[in-house]
There are 2 protein chains.
Amino acid sequence: MSSGRFKQDLYGQLARVARAIGHPNRLELLEYIAQGSRPVDELAAMTRLSVANASKHLQDLRQAGLVRARKEGVRVYYELAGPDVVDLLSAVRIVGETRLAEVEQLVRTYIDARDDLEPVPVDEVLRRARQGLVTVLDVRPPEEYAAGHLPGAVNIAADSLAGHLKSLPRGREVVAYCRGPYCLLSVDAVAFLRERGYKARRLENGFPEWKAAGLPVET
Amino acid sequence: MSSGRFKQDLYGQLARVARAIGHPNRLELLEYIAQGSRPVDELAAMTRLSVANASKHLQDLRQAGLVRARKEGVRVYYELAGPDVVDLLSAVRIVGETRLAEVEQLVRTYIDARDDLEPVPVDEVLRRARQGLVTVLDVRPPEEYAAGHLPGAVNIAADSLAGHLKSLPRGREVVAYCRGPYCLLSVDAVAFLRERGYKARRLENGFPEWKAAGLPVET
DNA sequence: CAACCAATCAACGAATCAGTTGAATATTAG
DNA sequence: CTAATATTCAACTGATTCGTTGATTGGTTG
């Protein structure tokens, strides 16, 4: 039986996929790529990596099938290969949170401690946003908002929130979201809004998870 | 803002989890561990690794939180940390199958080609087994069957199937399963049974996925 | 205690990986 | 065509990983 070869080859390939997400810099790159397609130099700047280094990591991701590269003029845009990649990252996140004390600790101190442990589940947001009971607030930078966002969401980038409070109806509850469950932009935004008397909560997941779940998306 | 530290530490930890499943031998070890707890020497024998090497890989898995070690007398039994680990492995499998041509090719030649592309979905098995319409057949070795199996399943190890056909009712359809979607034991069994006139199909997933999905398990 | 066995540890070489630097390629602008 | 810019490639260093070998620990048995 050549089943030994099968198993060997197969697990060799799957290990390639796993190793591709086995480096902190590649995980961070994927977080940004998951918001929409981006050229190499922007991704390098966002992650504070040298362009050559970022380029190499991106090619590693591409060879593992996690991202695609699309050439447009002089630049190369990288984009996520598909929603299954988001599911994979979520699975890693869940294992990390439930099995590694270090992760649980980090999440507790940086997120839970500031957010009063009451993230909003997705189905609730969907329902109440349709009824106009909440303002859905996207605090990511405008390029990412433009590449896709929750239906009806208002975009105010986290760093310009202070200057744009007028566009947020005072009475209604605000639900903020950003790049993912570990993105602190919405944590900061919620804290800021609460200080100013708003009733504000954080969506438990970010845009990529929303989209990967097949929920409606607006562009 | 010390959010840079947060992201760095967090992704460092998640990368640890990913790297733990980033080696073919560790993936194979996990396949066996997912069937139930096993001591180091048995796992080493099953994977044809040296005991020292297997021990080291198992410790890597333990440090990443994927497995637990339980000492019983003179031997150490390793067991899966939880169902979320099975979900993680499934996520890697799905990405590999949909994004890597090599994986799709391997699955096609070793499984689809021999199984006529008609795996049985889990809910169907659950329903029809309750009505007594199908014989559910567990072709894993008896120790693994003993550690947990589908409700009502009959256990005939794949290598002793030829000698135990009498315990399989001739008229009823057989649904065979084993260690997982990539375990060839049930593929062989289905082929063998079909040659002898049985109507036999393969369950699309194995025991670990069944259990991780929260479906009923018998011991 | 001594013998024995499972498991781990320590140390080593080969291989792979991560990041930098500087050169090479490709596409657009002038 | 030339210049400018985004990206990739090549070469190299230091760090990490994998597997083996032989020694060591820890628990059981006679």
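Computed from a predicted structure; not experimentally measured. Here is how names work: the chains are called A, B, and so on, in the same order as the sequence lines, proteins then strands, and each is numbered from 1.
In this structure the side chain of B:Lys7 reaches within 4.5 angstrom of the side chain of A:Glu31, judged on heavy atoms.
The main-chain N or O of B:Arg38 is never found under 3.5 Å from a side-chain atom of B:Glu79 such that the two would form a donor-acceptor pair.
An OP1 or OP2 oxygen of D:dT7 is reached within less than 4.0 angstrom by no side-chain nitrogen or oxygen of A:Gln59. Between B:Tyr78 and the phosphate of C:dA6, there is no side-chain N or O to OP1/OP2 separation shorter than 4.0 Å. Proximity of A:Ser55 to the phosphate of D:dT8: a side-chain N or O atom is located under 4.0 Å from OP1 or OP2.
A search for side chain to side chain donor-acceptor pair (under 3.5 Å) contacts involving A:His57 returns A:Arg26, A:Asn53, not counting sequence neighbours. Partners of B:Pro24 under the side chain to side chain contact (heavy atoms under 4.5 Å, CB included) rule, at least two apart in sequence or in another chain, are A:Tyr11, A:Ala15. The side chain to side chain contact (heavy atoms under 4.5 Å, CB included) check on B:Glu204 picks up B:Pro119, B:Pro121, B:Val122, with sequence neighbours excluded.
B:Tyr77 comes within 4.0 angstrom of no nucleic acid atom, judged by non-hydrogen atoms across all strands.
The cationic atom of A:Arg62 (NZ for Lys, CZ for Arg) does not lie both less than 6.0 Å from the six-membered ring centre of A:Tyr78 and within 45° of the ring axis.
The ring-ring contact (aromatic ring centres under 6.0 Å, His included) analysis of residues 29-49 of chain A, with sequence neighbours excluded, yields no pairs.
Residue B:Gln63 contributes atom CD, which lies 12 Å from atom C1' of C:dT8 at whole-angstrom precision. Rounded to an integer number of Å, the gap from CG of B:Leu61 to P of C:dT8 is 12 Å.
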What is the per-nucleotide protein-contact pattern of nucleotides 18-30 of chain D, from the 5' end, where B denotes a base atom under 4.0 Å from a protein heavy atom, S denotes such proximity for sugar-phosphate atoms only, and - denotes neither? SBSB----BSS--
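We find that B:Arg19 and B:Asp60 are not joined by a salt bridge, their nearest charged nitrogen and carboxylate oxygen being 4.0 Å or further apart.
For the contact set between residues 37-44 of chain B and DNA chain C, defined by any heavy atom under 4.0 Å, the members are B:Pro39, B:Val40, B:Asp41.
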